[in-house]
Amino acid sequence: MKKIAFYATMMIIGSLMLSACKGGLYKGFKKSDSGMYYRTITKNADGQVPQMGDILFLTVSCHSNNDSINNSEFFKSFENRDMTDMLGESYYTHDLQEAYAMMKEGEEKEFILKADSFFLVGFDPTSIPSVVSSEDVLYIKLKLNRVATIEELMTEEADIIAKYVQDNNITATPTEDGLYIEEIEAGTGNVVDSNNTILVNITLKDLKTDTIINSSAEMGTGEPLKFIYGQQPLLPVLDKSIATMKKGGKYKVICPDRMAYQGKYPNIPLCTPMLFEIELIDIIK
């Protein structure tokens, strides 16, 4: 009986040790079968499981045990930051895509990732902040607010545009690209030509909420944007609109997201319809 009790005790201790090894490196975190450390903050057993190609609407927070990282401006901007991403294949072991695949709609989880697998997959490879080394450990908190297909989002976007056009009595005929270009002031002289230096003010609004997302008049010095048309890459909506403008002209352009940022601008979700207000102040030959 003593031997049986001894072996039973040893089995329990072994089980506890195995459990500790599985998630004990980071207190309060579990270890997935692949070796990713995570903890569940809010569970939603009935939530939708994202599929490959689905668009994920997330709230993201990020911190580290390194105070110099946490106090940097870049990481301060990651406190409850809303973003969208598409669920795809993982490029690195234990990257954001692997984290996404472990979630359900309505859940909130925290993951431990190395800085390189977080930034090189989730962001432009050149955007790793100088305060971070590739081996730094980051705590990434994700809340999955919504899962949607690209088809669902495009249908919603089209409905918002159609309602705005109807409610505001827009009479402009849409271009093949889906732009509604409304001329507010015609301007004078010749239209913009390639290699012309131009001065332009641009205000960007969320079409659904009619709130300003960005305005060149409120950026930096508040001076108009100055650049050589045709020599710098522009959003398709700006390229096509400015090409038909004259000095002093003002346009309002209803724009589907496929002609603008396509989910690549911070805080503008994929398939967000927008209103661009464009004023061509001057054409400098």
Side-chain angles (χ1 to χ4, degrees), residues 72-74 77 81 83-84 119 122-130 157 160-161 164-165 168-285:
S72 68
E73 289 303 318
F74 184 90
S77 72
R81 176 172 170 179
M83 62 177 278
T84 57
F119 285 101
F123 302 88
D124 186 280
T126 61
S127 68
I128 299 179
S130 59
E157 179 186 47
I160 293 170
I161 290 175
Y164 185 90
V165 168
N168 291 274
N169 299 313
I170 305 297
T171 59
T173 301
T175 66
E176 292 181 357
D177 301 309
L179 299 176
Y180 289 81
I181 300 176
E182 187 179 15
E183 190 174 60
I184 306 304
E185 291 186 23
T188 58
N190 297 323
V191 297
V192 175
D193 195 6
S194 292
N195 300 319
N196 283 161
T197 298
I198 63 174
L199 296 177
V200 62
N201 272 331
I202 300 170
T203 298
L204 173 60
K205 292 183 177 180
D206 184 324
L207 196 68
K208 183 177 181 180
T209 62
D210 196 35
T211 56
I212 294 177
I213 298 172
N214 207 343
S215 173
S216 59
E218 298 175 1
M219 294 170 57
T221 63
E223 296 293 324
L225 300 176
K226 181 179 180 180
F227 57 89
I228 301 175
Y229 180 72
Q231 290 192 11
Q232 294 175 252
L234 296 174
L235 295 174
V237 57
L238 296 177
D239 199 14
K240 288 183 175 291
S241 300
I242 291 174
T244 63
M245 297 184 76
K246 300 176 182 179
K247 178 179 176 179
K250 292 182 181 180
Y251 280 3
K252 283 188 177 181
V253 185
I254 298 171
C255 174
D257 187 45
R258 65 180 179 273
M259 293 295 289
Y261 294 104
Q262 301 180 63
K264 297 176 183 177
Y265 188 96
N267 302 324
I268 302 181
L270 192 69
C271 292
T272 297
M274 285 165 281
L275 179 68
F276 283 81
E277 296 179 355
I278 308 167
E279 179 184 9
L280 183 56
I281 298 170
D282 198 4
I283 300 175
I284 306 170
K285 299 292 185 180

Heavy-atom count around D282 CG within 6.0 Å, excluding the residue itself: above 12? yes
Looking at every non-hydrogen atom in both residues, tell me the closest pair between P256 and G178 and how far apart they are. CD-O, 3.3 Å
Which atom names give the shortest non-hydrogen contact between N201 and P224, and what distance separates them? OD1-CA, 3.4 Å
Tell me, with the steps shown, if L280 and K246 meet side chain to side chain contact (heavy atoms under 4.5 Å, CB included). CA-CA 7 Å; L280 183 56; K246 300 176 182 179; 5.7 Å; no
Is it the case that the side chain of E157 and the backbone of D257 share a donor-acceptor pair, with hydrogens and angles ignored and the cut-off at 3.5 Å? yes
Sole residue of D206, T209, T84 in side-chain contact (heavy atoms from CB on, under 4.5 Å) with T272: D206
For the CD1 atom of I202 and the CG atom of L225, what is their distance to the nearest 0.5 Å? 5.5 Å
Side chain to side chain contact (heavy atoms under 4.5 Å, CB included) between T244 and V191: does it pass, once the steps are laid out? CA-CA 6 Å; T244 63; V191 297; 5.5 Å; no
Exactly one of K247, E223, K226, E279 clears side-chain contact (heavy atoms from CB on, under 4.5 Å) with L199, and that residue is K226
To the nearest 0.5 Å, atom CD of E182 lies from atom CG of N169 at 10.0 Å
Provide the closest heavy-atom pair for Q262 versus R258 in the form atom of the first, atom of the second, distance. NE2-O, 3.5 Å
Please collect all ring pair (Phe, Tyr, Trp, His ring centres under 6.0 Å) contacts where either partner lies in residues 174-215, sequence neighbours excluded, each pair once. none
Should I212 and K205 be marked as a side chain to side chain contact (heavy atoms under 4.5 Å, CB included) after you check the CA-CA gap, both sets of side-chain angles, and the distance that decides it? CA-CA 4 Å; I212 294 177; K205 292 183 177 180; 4.0 Å; yes
Separation of I228 CD1 from T197 OG1 (nearest 0.5 Å): 4.5 Å
Identified side-chain contact (heavy atoms from CB on, under 4.5 Å) counterpart of K240 within the set L234, T175, L179: L179
Just wondering, do N195 and Q231 contact through their side chains at under 4.5 Å, heavy atoms? yes
Interatomic distance, I184 atom CD1 to Y251 atom OH [nearest 0.5 angstrom]: 10.5 Å
Any chance you could measure I213, atom CD1, to F276, atom CZ, to the nearest 0.5 Å? 8.0 Å
Name the one of K250, K252, M245 that satisfies side-chain contact (heavy atoms from CB on, under 4.5 Å) with I278? M245
Give, for atom CG of L204 and atom CG of L275, the distance between the pair rounded to the nearest 0.5 Å. 8.5 Å
